[in-house]
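Note that the numbering runs from 1 along the sequence shown for the chain. Order of listing sets the numbers, starting from 1, for every ligand and every atom in it.
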Amino acid sequence: MSYTRLTEPLVRDGSGLRPASWEEALDRAAEGIARTVETRGPDAFGVFSCARSTNEMNYVAQKFARAVIGTNNVDSCNRTCHAPSVAGLAQVFGSGGGTSSYQEIEAADVIVMWGSNAREAHPIFFHHVLKAVHNGAKLYVVDPRRTSTAKWAHRWLQLNVGTDIALAHAIGREIICSGLVNRSFIDRATSGFEAYAAEVEQWTPEVAALETGVPAELIEELAHAYARADRAQLCWTLGITEHHNGTDNVLSLINLSLLTGHVGRYGAGLNPLRGQNNVQGGGDMGAIPNRLPGFQDILLPEVRAKFDAAWGSKIQPRYGWHLTQMFEAMDRGELTAVYAIGENPVQSEADSGRTLKRMQNLEHLVVQDIFLTKTAQQAHVVLPAAAAWCESEGTFTNSERRVQRVRKALEPPGGARDDIDIICDIARRLGHDWYYESAEQVWDEMRALSPMHRGMSYQRLAELGGIQWPCYSEDELEPTYLHARLWAEDPAERGEPAGFAPVRHSPPVDELSEEYPLRLTTGRRLDSYNTGVQSGGLSSPMRRGETIDLSPADTEALGVVAGEKVQISSRRGSIVAPVRLDEGLRPGLAFMTFHFPDEVDVNLITIEATDPVAGTAEYKASAIRIDKLPAESAV
Ligand SMILES: Nc1nc2c(c(=O)[nH]1)N[C@H]1C(S)=C(S)[C@@H](COP(=O)(O)OP(=O)(O)OC[C@H]3O[C@@H](n4cnc5c(=O)[nH]c(N)nc54)[C@H](O)[C@@H]3O)O[C@H]1N2
Ligand SMILES: Nc1nc2c(c(=O)[nH]1)N[C@H]1C(S)=C(S)[C@@H](COP(=O)(O)OP(=O)(O)OC[C@H]3O[C@@H](n4cnc5c(=O)[nH]c(N)nc54)[C@H](O)[C@@H]3O)O[C@H]1N2
Ligand SMILES: [Mo]
C-alpha cells in the first residue's frame with residue numbers, strides 16, 4: 001500500500017470521513033475539544049506532538065495544551081523511543097541530551113555502538129564513525145544480530161536479547177578488578193561507587209558469558225579497550241531503550257563512563273542517537289508532560305510564574321500524563337479527546353490491536369497529518385498539514401543538540417497548511433487571540449523564555465550553519481560537549497556529583513516457553529521508515545516488504561524454506577509473513593521490522609510491557625511461535 005498526500009480537510013459523518021471546508025473542519029475540531037474540557041475538565045484532553053515537525057511547531061503545540069486547554073498532557077513518539085535515555089542521563093547529570101558533537105566522534109580512539117544499527121538507521125552519523133575508523137579508531141558493536149553496522153566492527157559482541165545489564169556490569173567489574181578505574185575522577189565527581197562495585201561483583205566474565213552468550217575474552221577485551229582509551233565514545237539506541245527496563249539499561253552504560261572518566265571531556269562521551277529528525281527538539285521545546293521549553297521543571301513555581309506571565313496562562317503545578325499513561329487513562333475512561341499531530345500510534349504502539357480500540361473509543365479525535373494514516377482513518381476531524389522539512393520555515397535540533405534552520409522549498413499541495421497556522425486557528429476558536437507572523441516570531445518568543453536557547457537568533461543560526469545548545473547569549477559559543485563542570489578543580493563549580501546506579505539485571509517480561517519458544521526482536525532497515533507512511537510501502541521496487549528473518553538452524557528445525565509464508569503467534573495475536581534466511585542470527589532469535597503494517601502488522605504481536613520510569617515498551621523482546629501454514633495458503 002502507498003499513501004497519497006492529504007490535500008483537503010475531512011470530517012466524520014456517520015461512520016465515514018467526507019471532504020469539508022477548512023471552516024467546517026476547524027469548527028468541528030474546536031467544538032469537540034471545548035465540549036470535552038467543559039464536561040470532563042482539561043485533563044480529559046491530550047496532545048500528541050510531532051517529532052518530524054519543527055521546534056517552533058512543537059513549542060506552539062505544547063503551549064496550546066498548557067495555555068489554551070490547561071493540561072500538561074502532551075507528549076510524542078520520544079516515549080516509544082529514547083525516553084529512557086533522557087531519563088537516565090537527566091538522573092545522573094541533570095540534563096538529558098547526548099554529550100558530544102559529531103566532530104568529536106571522528107577524533108575518538110574507541111567507539112562502542114551498543115544496540116544500535118547506525119549503518120542503516122543513522123547513516124549520516126555513521127559516516128563520522130567510519131571516518132574515525134579510517135583514522136585508526138577501534139569500533140565495537142554490541143548487538144544480537146550481525147547487522148551491517150557489525151560488519152564494520154573491529155569486534156562484534158553477539159549478546160542475547162535483554163542481557164545488556166549483565167554485560168555492562170561484567171565490563172564494569174573487569175575495569176575495577178584490573179585497576180583501570182579513574183580513581184581521581186570517581187572521588188571528585190561521582191557518588192555511590194561502593195554500592196555499584198558491590199552490585200557488579202557477581203558478574204565475573206564467566207558468569208556473564210553464560211547469561212549473555214558473549215565469550216569471556218571478548219568481555220575482557222572491550223573492558224580494557226574502553227578503559228584504556230583516551231577518547232572513548234559510548235553510543236546507543238533502541239537495543240538499549242526499548243525494554244521493560246530501558247532506563248536501567250541506560251544507567252548501566254552511564255556507569256561505565258563514570259568509572260573511567262569518559263564524560264565531560266573533548267572526545268569522550270555518552271550519545272543516544274535520536275530517532276526522528278526532530279525528536280530531540282520536540283522534547284527541548286517542552287512537548288513532554290514534565291518540562292517546559294528549555295527543559296525547565298514544571299514543578300518549580302518560579303518557572304511556572306515566568307511562563308504564566310508571558311503566556312497569560314495558569315499552568316497546572318503537576319506533571320501531565322506521558323503517551324503510555326494517556327493510553328492507560330483512555331482505558332479508565334479518563335482521557336476522551338486527543339489532538340494527534342503527526343503521529344501514527346495505531347501502527348506504531350506495541351500490542352496495537354489495543355491501541356486501535358482505544359482510538360476508536362475516543363469521543364473526539366483530531367488528526368493533523370500529511371497522509372491519511374490508519375490513525376487518521378479513525379478520526380472525527382482530519383486536518384491536512386504541510387510537510388515541515390520542505391514546506392515550512394523553522395528549525396530542527398539533531399542528536400548532537402545542534403539547532404539548524406529549515407527552509408520552505410515547496411508549496412504544500414492543495415489546501416494543506418502549515419502546522420502552526422492550523423493550531424493557532426483552533427486556539428482562536430477557543431477564545432485565544434493567537435497569531436504568529438512567522439516561525440521566527442515563535443522562535444524569538446521561545447528563546448526569551450528558554451535560557452539554553454537564548455543566544456540562537458535566526459540570523460546567527462544562518463551565519464554559523466547551526467548552533468549546539470546550550471547557547472546562553474548572542475555573543476558566545478559554549479564548548480561542543482556537555483558536563484565539563486565535572487572536571488572543575490573548584491567543588492562549587494563542579495556542582496552535584498554524578499551518581500553511580502547499582503541497577504539489577506532483569507530478563508525480558510515475555511518469557512520463552514514450550515508454546516512460545518523463539519525470541520522476536522523488531523527494528524529497522526535502511527530502505528524504509530517507521531510505519532511506512534512516508535517511505536511509500538511497497539510502491540517502490542527497492543523495498544522488499546516484510547519478512548520474518550530466521551537463522552538457518554531454526555528454518556531447518558521448523559521445516560520451512562526461504563520465501564515460504566508462516567504463521568507467527570505471540571500471547572497477543574497472530575500474523576503471517578514470508579521467511580527470510582539470515583546467517584547473522586543465532587538460533588532461537590527472529591527479527592522483523594514494523595515498516596509494512598498494512599500488509600504485516602508486527603505490532604499486533606509485540607508486548608506492551610513498559611519501563612516504569614520512561615513508559616517505553618519492550619519492542620525488542622517478544623516470545624513467539626512459528627507454525628507452517630496449510631499447503632494451499634503458504635505460497
Ligand atoms: N532507515 C531508517 N532509519 C531510521 C528509522 C527507520 O525507520 N528507517 N527510524 C528512526 C527512528 S524513529 C529511530 S528511534 C532510530 C532507531 O535506530 P536503531 O535503534 O539503530 O534501530 P533498530 O533497528 O530499532 O534497533 C537497533 C538494534 O538493536 C538491536 N537489539 C535488539 N535487541 C537488543 C538487545 O536486547 N540488546 C542490544 N544491545 N541490542 C538489541 C537490534 O538487533 C538492532 O540492530 O532510527 C531512525 N532512523
Ligand atoms: N515493533 C516496533 N514498533 C515500534 C518501534 C520498533 O522498534 N519496533 N519503534 C518505535 C519508535 S522508536 C518510534 S519513534 C515510533 C514511531 O511512531 P510514529 O511516530 O507513530 O510513526 P511514524 O511512521 O514515524 O509516523 C509519523 C507520522 O508523522 C507524519 N508527518 C510527517 N511529517 C509531518 C509534518 O511535518 N507535519 C505533520 N502534521 N505530520 C507529519 C507522517 O505522515 C506519519 O503519519 O514507532 C515505534 N514503534
Ligand atoms: Mo524513534
Hey, does N249 have a side-chain heavy atom less than 4.5 Å from the side chain of T241? no

Under 4.0 Å, counting heavy atoms only: does [X] come that close to any atom of ligand 1?
| X | answer |
| --- | --- |
| H82 | no |
| R525 | yes |
| H243 | yes |

Checking contacts here: is it the side chain or the backbone of L238 that comes within 4.0 Å of ligand 1, counting heavy atoms only? Could be both or neither. both

Short N-O contact, R354 and E349, less than 4.0 angstrom: no

Which part of [X] is near ligand 2, with near meaning a heavy atom under 4.0 Å away: side chain, backbone, both or neither?
| X | value |
| --- | --- |
| T593 | neither |
| A385 | side chain |
| D419 | side chain |
| M57 | neither |

Quick check: does any side chain N or O of D554 sit under 3.5 Å from a backbone N or O of P587, one acting as donor and the other as acceptor? no

Should one rank G115, P144, A118 by closest heavy-atom distance to atom 33 (C) of ligand 1, which comes out on top? P144

Out of G239, S528, G275, C81, who gets a non-hydrogen atom closest to atom 6 (C) of ligand 1? S528

Starting from [atom], find the nearest protein heavy-atom neighbour and note its residue, name and distance.
| atom | result |
| --- | --- |
| atom 8 (N) of ligand 2 | T522 OG1, 2.9 Å |
| atom 31 (C) of ligand 1 | T521 OG1, 3.2 Å |
| atom 36 (N) of ligand 1 | D164 OD2, 2.9 Å |

For ligand 2, find out whether one of its N or O atoms is nearer than 3.5 Å to an N or O atom of [X].
| X | result |
| --- | --- |
| T606 | no |
| E349 | no |
| W389 | no |
| Y529 | no |

Residue R407 excluded, over 12 heavy atoms near CZ under 6.0 Å: yes

Under 4.0 Å from any heavy atom of [X], which atoms of ligand 2 are there?
| X | value |
| --- | --- |
| A386 | 34 (C), 35 (O), 36 (N) |
| N530 | 16 (C), 22 (P), 23 (O), 24 (O) |
| T373 | 44 (O) |
| R52 | 19 (O), 24 (O), 26 (C), 27 (C), 28 (O), 29 (C), 30 (N), 31 (C), 32 (N) |
| A387 | 35 (O) |

Take every heavy atom of R524, measure it against each atom of ligand 2, and state whether any distance is under 4.0 Å. yes

Can a donor-acceptor pair be found between the side chains of N398 and Q280 at a distance below 3.5 Å? no

